[in-house]
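Notes for the one structure printed next.
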Amino acid sequence: MNELRAGVIGAGSFGRLHAQKYANLPGVKLIGIADAQPARAQTLANDFGVTGFINWRAMLPHVDVVTIAAPARFHGEIGVGCLNQGKHVFVEKPLAANLREADALIRVAEARGLVLHTGHQERFVMRHLGLFDSKVKPLRIECHRAAPFSPRNTDVSVVLDLMIHDIDLAHQLNASPIADLDAHERIMHARSDEMSALVTLEDGMQIDLFASRMANARKRFMRVTYPDGEIYIDFLTREMTNTTPRKLKALGSDGASEGLPCPSTDPLGHGVAQFLRAVREGRQSVIAPREARRALETALMILDAAKAAAPQKRTVNA
């Protein structure tokens, strides 16, 4: 396959980022931008010198691959529509808003032999650091991801917006099934804006998750405790401590992987390049759709557990 033609669905901040990656990567040509708001699509399209489309269906005949950077509630409908037209799909996380739509995406992609890639690109960072290389299972994982309020992505809960990144990483570190789950939420608008969850796996490992989009300041770290030490990563300061005997690369360390953008310094660029490579080589995504479905399933379980713990939702002031 020669030059791939790419389109972006959704002209928001993530749509712009994907457009930049397509515009800069070799072997791919950005064709156009589609958005439910034609003026917004045209504005972003003008920035890249491409075509603005009044809707995503009008763009499909002109492209081979698409990124879906629309709100999560549209991922299922748009993704199935693109796959049914023979287009390879990179869908931003979460894979879908519910399991029914996720299963439909996977079913169509598998039936048509198309690449379905989900934007869990932080997994590439962890692999680049060497965190997935250890054969020693962790005893506990603690993940903290917080930011001040922003209206972006408030169409979904903070679990599907932010926490799902750490859910995916935790499942990659330990694939054991879930044995128990406890969760508590705070709501500032219509959906969960802050969530804490404690997940216990069948092998005894615990995953302590916290995500907030109503914090006073940004904070993002991961602490992984092993029988022989601890690894702590601060993703904002790019500092890392490691008391285990295993050697890890420094966060932000350079070095492209197999000719792709460096996953530690450009995780989205690396993810888009991996997506395009899978399309060219006729193989499935390195982020298996069923793995993205599992992260979604756990995220929805956390939301259900929080609602069960607090049936009378309490709205807090911003």
Side-chain angles (χ1 to χ4, degrees), residues 8-10 12 14-15 18 36 56-57 60 65-124 153-178 181 183 191-192 195 197 199 201 207 209 211 268 271-272 274-275 278-279 283-307:
V8 175
I9 301 172
F14 270 92
H18 278 267
W56 57 270
R57 292 180 180 86
L60 293 186
V65 301
V66 296
T67 281
I68 300 174
R73 66 183 183 275
F74 300 122
H75 286 185
E77 174 193 352
I78 297 175
V80 167
C82 293
L83 291 166
N84 275 326
Q85 293 300 312
K87 310 306 173 182
H88 303 276
V89 171
F90 184 129
V91 59
E92 263 301 339
K93 54 79 192 166
L95 174 61
N98 56 63
L99 294 179
R100 176 182 57 80
E101 293 179 351
D103 289 338
L105 286 165
I106 294 170
R107 184 170 59 252
V108 177
E110 290 180 346
R112 297 183 66 93
L114 295 166
V115 177
L116 175 61
H117 180 106
T118 309
H120 288 296
Q121 56 264 10
E122 297 197 16
R123 191 191 300 186
F124 298 126
N153 284 357
T154 52
D155 64 301
V156 295
S157 73
V158 71
V159 179
L160 295 182
D161 180 20
L162 299 179
M163 186 181 282
I164 197 165
H165 282 299
D166 296 319
I167 294 170
D168 177 68
L169 295 177
H171 282 321
Q172 292 303 303
L173 287 166
N174 189 337
S176 180
I178 294 173
L181 195 158
R191 296 174 176 82
S192 301
M195 182 72 74
V199 180
L201 304 184
I207 308 168
L209 298 158
L268 179 58
V272 173
Q274 286 277 20
F275 165 60
V279 171
R283 57 177 174 81
Q284 287 303 305
S285 169
V286 293
I287 297 179
R290 295 187 182 276
E291 293 174 346
R293 184 197 187 278
R294 188 185 183 194
L296 173 63
E297 182 179 24
T298 300
L300 296 176
M301 289 173 63
I302 289 171
L303 286 166
D304 288 343
K307 289 178 174 60

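Remember, it's a predicted structure, so these values are computed and weren't measured experimentally. The figures that follow rest on heavy atoms only: side chains count, while hydrogens, waters and symmetry mates do not. When a residue number appears, it is its place in the shown sequence, counting from 1.
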Open item on the list: I need the minimum non-hydrogen distance between Gly119 and Phe90, along with the two atoms involved.
Closed with: CA-CE2, 3.7 Å
Task: Closest non-hydrogen atom pair, Leu300 against Asn98 - done: CD1-CA, 4.1 Å
Task: Closest approach of Leu114 to Gly86 (non-hydrogen atoms, all atoms of both residues) - done: CD2-O, 3.6 Å
Donor-acceptor pairs under 3.5 angstrom involving side-chain atoms of residues 292-299: please list them, not counting sequence neighbours.
residue : atom : partner : partner atom : Å
Arg293  : NE   : Asp103  : OD1          : 2.5
Arg293  : NH2  : Asp103  : OD2          : 3.3
Arg294  : NH1  : Ala175  : O            : 3.1
Arg294  : NH2  : Ser176  : O            : 3.0
Thr298  : OG1  : His171  : NE2          : 2.8
Thr298  : OG1  : Arg294  : O            : 3.2

Task: Under 3.5 Å donor-acceptor, Ser157 side chain and Val159 backbone - done: yes
Open item on the list: Please find the pair of heavy atoms, one from His18 and one from Val272, that lie closest to each other, and give the distance.
Closed with: ND1-CG2, 3.9 Å
Open item on the list: Do Arg123 and Asp168 have side chains that approach each other closer than 4.5 Å (heavy atoms only, starting at C-beta)?
Closed with: yes
Task: Spacing of Ile302 atom CD1 and Lys307 atom NZ [to the nearest 0.5 Å] - done: 11.5 Å
Open item on the list: Quick check for you: to the nearest 0.5 Å, what is the distance between Ser285 atom OG and Phe275 atom CZ?
Closed with: 8.5 Å
Task: Atom CZ of Arg112: over 12 foreign heavy atoms under 6.0 Å - done: yes
Task: Step-by-step side chain to side chain donor-acceptor pair (under 3.5 Å) determination, Gln284 to His117 - done: CA-CA 8 Å; Gln284 287 303 305; His117 180 106; over 6 Å; no
- [ ] Specify the closest pair of heavy atoms between Ile164 and Pro94, including all atoms of both residues, with the distance to one decimal.
- [x] CD1-CB, 3.7 Å
Task: Donor-acceptor contact below 3.5 Å, side chain His88 vs main chain Val115 - done: yes
- [ ] Measure the shortest side-chain to side-chain distance between Val66 and Leu60 over non-hydrogen atoms and say whether it is less than 4.5 angstrom.
- [x] yes
Open item on the list: Counting C-beta onward and ignoring hydrogens, is there a side-chain heavy-atom pair between Val108 and Leu116 closer than 4.5 Å?
Closed with: no
TODO: Test Leu201 against Asn174 for side-chain contact (heavy atoms from CB on, under 4.5 Å), laying out the working first.
DONE: CA-CA 9 Å; Leu201 304 184; Asn174 189 337; 3.7 Å; yes
Open item on the list: Rounded to the nearest 0.5 Å, what separates atom CG in Leu303 from atom CG in Leu160?
Closed with: 6.0 Å
TODO: For the pair Lys93 and Asp161, find out whether any cationic side-chain nitrogen is under 4.0 Å from an anionic carboxylate oxygen.
DONE: yes
TODO: Hey, could you give me the CD1/NE2 distance between Ile9 and His75, rounded to the nearest 0.5 Å?
DONE: 10.0 Å
- [ ] Over all heavy atoms of both residues, which pair between Ile287 and Gln121 is shortest? Give the atoms and the distance, please.
- [x] CD1-N, 4.5 Å
TODO: For the pair Glu77 and Arg57, find out whether any cationic side-chain nitrogen is under 4.0 Å from an anionic carboxylate oxygen.
DONE: yes
Open item on the list: Go through it in stages, so that I can follow the logic: the residues are Val89 and Ile78, the test is side-chain contact (heavy atoms from CB on, under 4.5 Å), and I'd like the CA-CA distance, side-chain angles, deciding distance and then a yes or no.
Closed with: CA-CA 10 Å; Val89 171; Ile78 297 175; over 6 Å; no
Open item on the list: As an exercise, state the distance from CD1 of Ile207 to CD1 of Ile178, rounded to the nearest 0.5 Å.
Closed with: 7.0 Å
